[in-house]
Amino acid sequence: MPHRHGTRLGTTSSDRQRRAHRAASPTPRLTRLAACLLGTATLTLPAWSQDQAAPAAAAPAASAAASDKALETVVVTGIRASLESALNAKRQDRGIVDVIKAEDIAKFPDTNLAESLQRVPGVVIDRDAGEGRNITVRGLGADFTRVRINGIEALATTGGTDSSGGANRSRGFDFNVFASELFNTITVRKSSSAEVDEGSLGATVDLQAARPFDFNKRVITASVKARYNDLARETDPRAAFLISDVFLDKRLGVLVSGAYSKRRLFEEGFSTVRWDNGPSSGGWCSPQGTTPANPATTAANCGPAAQGVPRLPASAGASSAYSLASSADNFHPRLPRYGRLTHDQDRLGLTGSVQFKPTDRTLLTFDMLYSKLDATRREDFLEAISFSRTASQGGKPQTSVVEAQYAPNGALQYGVFNGVDIRAESRYDELTTTFRQPSLTLEQELTDHLKLNAKVGRADSKFRNPVQTTVTLDALNVNGYTLDFRNDDRLPVIKYPFDPTVPNGALQIVGVPQVTTGTQPTTVANTTTSEVRIRPQGANNRNDIAHLDLAWEVLPDTLTLKAGYDYKKYSFDTYEFRRINQNDTIFSPAAGSGVLTTMLTNFGRGLSLPAGTPTSWVIPDLNAIAAAYDIYCNCLKSGPAGGPGDFTLSSITNGNARGNNRAVVERDRGGFVQADFEGRVLGLRMQGNVGVRYVVTEQEATGYLATGGGTEVVIGQKYKDWLPALNVSANLTKDLIARFAAAKVMARPQLGNLNPGGTISTTGTLSITTGNPYLKPFRAKTFDGSLEWYFGRNAFIGVGVFQKNIDTYIQSLRTNAPYNQTGLPLSLLPSNFTGEEVFQLTTPINTPGGKLRGIELNYQQPFTFLPSWGRNFGTVLNYTYVKSKITYLVSPTSNATITDDLLNMSPKSWNATLYYDDDTFSARVSASKRSSFLTRVPGQNNNDVEGKNATLNVDASISYKINDRLTVTLEGVNLTNEANDQFISRARNSPVVYHVTGREFLLGASYKF
C-alpha cells in the first residue's frame, strides 16, 4: 500500500538519502516526485539495510530512471504487500517492534483492532460480547499498556458485562470503541526508548490513521458489508469510505474517512457468580434433631416460626446429606443460572486530516478523530439466589439439602434442595462512549542538521450508562430444586419444581406489604423480595498533551542528539447513582397495573443443552413495570422516604454508590535526552539509541468517606522517576540482525486503587472496598534480546527473549469478617442488618513483585520455492512462552504469602496464518490460541484463584478482485463458536461463566473510484 516518505512524514529514510534527493532535484516538483518514487520502492522492493547495495536485479530499474526512460515498477498488492511493508518497518526500526499494515486503503484483515493485534507475537486479547476489548502484552494486562492515536496518548472506555469487568474505570484501553477501518498502521513497541513517554510495563501501541500525503494523489474508496450472526440470526450492515486529495501543487492535502457498523447478537450460556463452600453465608438449614440446630430459632422451621420453611424430618439420609454439604472442603455454585444477553451495538467513526507544506522544510498536520459507540444490552436469567445469601436475606440457612454428591476435588456433582428462592432477573443497559481527539503537529527543519517537532492535542473519552435497571420476578422457598453436573461440568441439568413458562404462576412480583398503621417496613424479615435496581453511571477520561523536541544531526548519518519536553494533564472522574432505598425493594403491584411479564423463548440454539433444561421462561416486562411504578421519576411515589415506594436517587450520600464517585488528576512533566547512532564497529553495521527520561508525577485523588454521609477527601502525592533506556542492533550479516534493549520503566497505579474514600455494598455480595491514594507506581527493569534472519523477500525467522524484573507491584488484599469487627458504625447499614453479616473487605497495597521471563518465536515466509500456483501460498507463525511468579499477600491481618502467576498472563500463546495471494484472488485462515490465565489471586469466596480457560479462535477470509476498482470479500469470524469459559479454583476448575456468541459471516465489496 502507499506509505509516507521522508522524516517529516514518518518513514525511516536516512538524512543522507533526503539530502541527496534535494541536491539532485532542486525544484519542489522534482523533489516531491523523487519522494513519491522512493516511497513506492520501499514497499515493492526487497528490504535490505539502508547502507547496503541493492541486489543486482534492481539495477536495470535504477539505470532506467537515470536515463529518463519510462519507469516501470512491479507493485505488490494484497496480503503480501501488507506483510512486506510491515516487515520492512520492523527491520528498519531502532527498537524492538512489531507492525501491522492494512492490506489496502481502510481495510484491516480483521473486523476489530484488538483481533488484529492478537496476531502480534506476545499479544493476546480479552473479549466482551464475543469481540476483542482489551489486550495483554507479554503477560502484562491492559493497565500496563499505553495506547497512542496519531501520536497522542489516549484512553477509551466502555461498559462491558459484569463478568468481563463491567464499566471500565481503569487505565486499560477498550479497542472495541473504534472501527478497524479508521486506521492503516498499528505499531507495538515492546522495548522502551527515552523519547517515548513513560507509563508502560508491557508495550506502547501506536494507532495511525491515514493522512493525505500518504497517497499524494486523489483517492476515493468505499466498502459495504453485510454481517450475519448464526446464533442471533440477524443480518447487519457495515460500511466505510475514504476520500483524499492534494492541492496547490501538492502542498495542501485533505483527507476524510468514516466507518459505520451495526452488530446485533445473542450471548447465551450458564453462569454461577462464583462458587462457595458449605459453611458460607451462615450454612445450610439442618434437619430436625441435629445438634446444634442451624439456624437456632426454632426446632421445626428453618428460621422464625412465622416464616413457615420446615426443616427436613430427622433421618440418616438427611443427616448425611447435611453433613456432607456443610464441609468446608465441598463447594457449590452461588447463583446457578442459565441466561441470555442481547447486545445491540452501533459504531460510528470519522477521521479528518489536513496537511500543509508551505515550504520544503515545514509540514503542518491537523488530525481529528471522532468515534461513537451506542449500545443496549439486555440480560435475562433464570436463577437460584438462596445459595449466596444470609439468614436475614432468606438465603442459605433456610435451604435444606435433600441429596448431595460431591467430586473428590470438592465440586458439587448433584444436589436436590428444599426452601430455594428462584428468580427471573432482567437487566437493561443503555451505553454510549463518545471519543474526540484533535491534534496539531509541526515538523520544521530549522537547518539541514537541526529539526524541531512540536505537538499539542487532546484525547477526550466520555462513557455514559444513563439507564442501568434491573427488575425481578421471584418464587420463594420452593422444594425439589435439582442441580446436576454429572454429565457436563459446564452445562448442568437444572430442574425446577414448577413450570417456569406459566404467566402469573410461581414466578411473580413479590412486594413488601404496605401497612396502613404503624411503621412501614422497608423489607420482609428473613426474605429477599422482588427488586427494582436503578444505577445510572458514567466516566470521563481526558488527556491534554504538549510535546516539543529538537534533533541535531551532529555527524551526518552517524550521530543525532535529541532533547525534548512533555507535559500531560490527565483527568479522570466517575459517578454513579442508586436508589436511596438501598435494599431496592418495591411494593406489590397496584390494582389495575396490567400484565407485567413477558416471555423469553428459543434459548440455547448455540449450546448442546442437556435434556430437560428450560429453553423458555417468564421474565419481567421492564417497560410495563417502569410505567406501572413510574420508576424513573426520581421521586417518592408512595410510603415513607427510603421505603419500597421511594424511587429517589442519591449518589455521594449513598453507601452503595459512593465508591464509584471519585476522581484523579495527574500532571506529568517529563524531559529526555537521547542519542541516535548509526555506523560500523568491527565491520558490523550498528544502529540504536541511548538516553534517559526524567518525569515528575503529581497526583491528586478525590473520594468520599462513609462518615458524615459522604465526606469529601482530597489527597495528593508526588514522585519522581529516572528512566534510562538503551536500544542497539547489529547487522551480523546483510540479512541477520541482533538486537538488545534495556530500560527502567514505570506504570502508574490503577485508578480505582487510588480512591481515598470507600464504599459499602449491602446488596448482592456484601462488601467493603477502600482505596489507597499513597500507592507508588509499578516499577520494573526490562531486558530484551532478539536475533532476526531476513532470509528472503518477505521471509523472516526471529527469536526473542525478554525479562522484566518487577520491583513494585500492587495487589488488592481481600478478607472476610463480620461487619461488627470492622470498626464502622451500624448506622451505615440498612435497618434489617444486625452487624453479624460477613462482609468481604478489600484494600490495595504495594508488594515486592517478582520476575517475568519469556521467549518469542517468529516465522514468516511466502512459498515461492513451490512450483506453479503453489508459489502464491505463504504462512505467518509465532509462539510465545511467558513465565512469572508474583508474591501475593493472603490477608491484611497476617504476613502469610502465596506465590502464583501474574494476573492476566497466559503462559503459552500462538498464532498461525496460512494465506494464498495471486493479486486477483486472496484467501487466508488464521488461528489464535491463548492458554488459561488467572484474573484474581487469592480468589474470592474461600477459593485460591479465579481465571479464564484456554481459547482457540479461528477466522478466515477470501477476496476476489474483479478488476482494478472492484473487489468482493467473504469473511468468517469465530468459526468454532469458541466459548467464554471463566473458572474458579485451580483444583476444581468450577465454571463461573460459560457463554457463546455464535459464528459471524461477512459478505461485502469495496470500490475504488
Side-chain angles (χ1 to χ4, degrees), residues 96 122-124 126 134-146 170-172 188-193 196-205 692-693 695 697 699 719-726 740-754 772 774-785 800-813 843-856 880-890 895 897-909 931 933-938 945 947:
I96 297 176
V123 177
V124 291
D126 208 4
N134 306 122
I135 68 170
T136 293
V137 182
R138 289 180 165 181
L140 291 160
D143 285 321
F144 304 109
T145 299
R146 293 174 56 253
S170 195
R171 297 184 190 270
V188 181
R189 304 185 183 279
K190 296 177 178 177
S191 66
S192 297
S193 59
V196 177
D197 42 330
E198 76 295 331
S200 164
L201 261 62
T204 296
V205 177
V692 63
R693 171 173 287 271
V695 61
T697 302
Q699 272 176 356
Y719 47 85
K720 306 172 183 178
D721 286 276
W722 287 95
L723 304 171
L726 167 70
F740 174 77
K744 283 187 176 181
V745 295
M746 60 88 79
R748 298 179 177 90
Q750 295 98 331
L751 299 171
N753 288 340
L754 293 171
N772 181 355
Y774 297 108
L775 288 171
K776 297 304 179 184
F778 300 89
R779 292 187 171 106
K781 302 178 185 71
T782 68
F783 305 93
D784 293 85
V801 294
F802 53 90
Q803 176 170 313
K804 299 178 188 292
N805 299 335
I806 302 173
D807 301 323
T808 59
Y809 192 70
I810 296 173
Q811 176 196 345
S812 289
L813 288 180
T843 188
I845 63 168
N846 283 109
T847 59
K851 285 183 170 57
L852 182 150
R853 299 183 179 95
I855 183 170
E856 292 176 353
T880 303
Y881 175 77
V882 185
K883 181 179 180 180
S884 177
K885 296 297 182 182
I886 296 293
T887 300
Y888 297 93
L889 293 175
V890 176
N895 293 322
T897 63
I898 58 175
T899 301
D900 216 320
D901 288 350
L902 183 69
L903 301 186
N904 298 302
M905 181 197 76
S906 290
K908 300 175 183 179
S909 63
S931 64
F933 60 98
L934 303 182
T935 57
R936 193 187 296 268
V937 178
V945 298

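Sequence positions, counted from 1, serve as the residue numbers for this chain.
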Pairing residues for Lys885 by the salt bridge (charged side-chain N to carboxylate O under 4.0 Å, His left out) criterion, not counting sequence neighbours: Asp901
Identify, with sequence neighbours excluded, every residue that meets side-chain hydrogen bond (donor to acceptor under 3.5 Å, both in side chains) alongside Glu198. Arg748
Between Leu903 and Arg936 the two heavy atoms that sit nearest each other are CD2-N, 3.7 Å
Sorted by chain and number, sequence neighbours left out, side-chain hydrogen bond (donor to acceptor under 3.5 Å, both in side chains) with Asp900 holds for Arg986
Interatomic distance, Thr808 atom OG1 to Ile806 atom CD1 [nearest 0.5 angstrom]: 9.0 Å
Please name the pair of heavy atoms, one in Ser200 and one in Arg146, separated by the smallest distance, quoted to 0.1 Å. N-CD, 3.7 Å
By side-chain contact (heavy atoms from CB on, under 4.5 Å) - contacts of Ala743 (at least two apart): Ser192, Ala725, Val745, Thr782
What pairs with Asn904 under side-chain hydrogen bond (donor to acceptor under 3.5 Å, both in side chains), at least two apart in sequence or on another chain? none
Measure from NZ or CZ of Arg779 to the centre of the six-membered ring of Tyr719, then state whether that distance is under 6.0 Å and the direction lies within 45° of the axis. yes
Heavy-atom pair of closest approach, residues Ser170 and Asp143: OG-OD1, 2.8 Å
Going from NZ on Lys883 to CG on Leu902, what distance comes out if it is rounded to the nearest 0.5 angstrom? 14.0 Å
With Asn772, which residues qualify under side-chain hydrogen bond (donor to acceptor under 3.5 Å, both in side chains), at least two apart? none
So how far is it from Phe740 CZ to Ile96 CD1, rounded to the nearest 0.5 Å? 9.0 Å
On a heavy-atom basis, which atom in Asp721 and which in Met746 lie closest, and how many Å separate them? OD2-CE, 3.6 Å
Can Arg138 and Asp784 be counted as an ion pair, charged N to O under 4.0 angstrom? yes
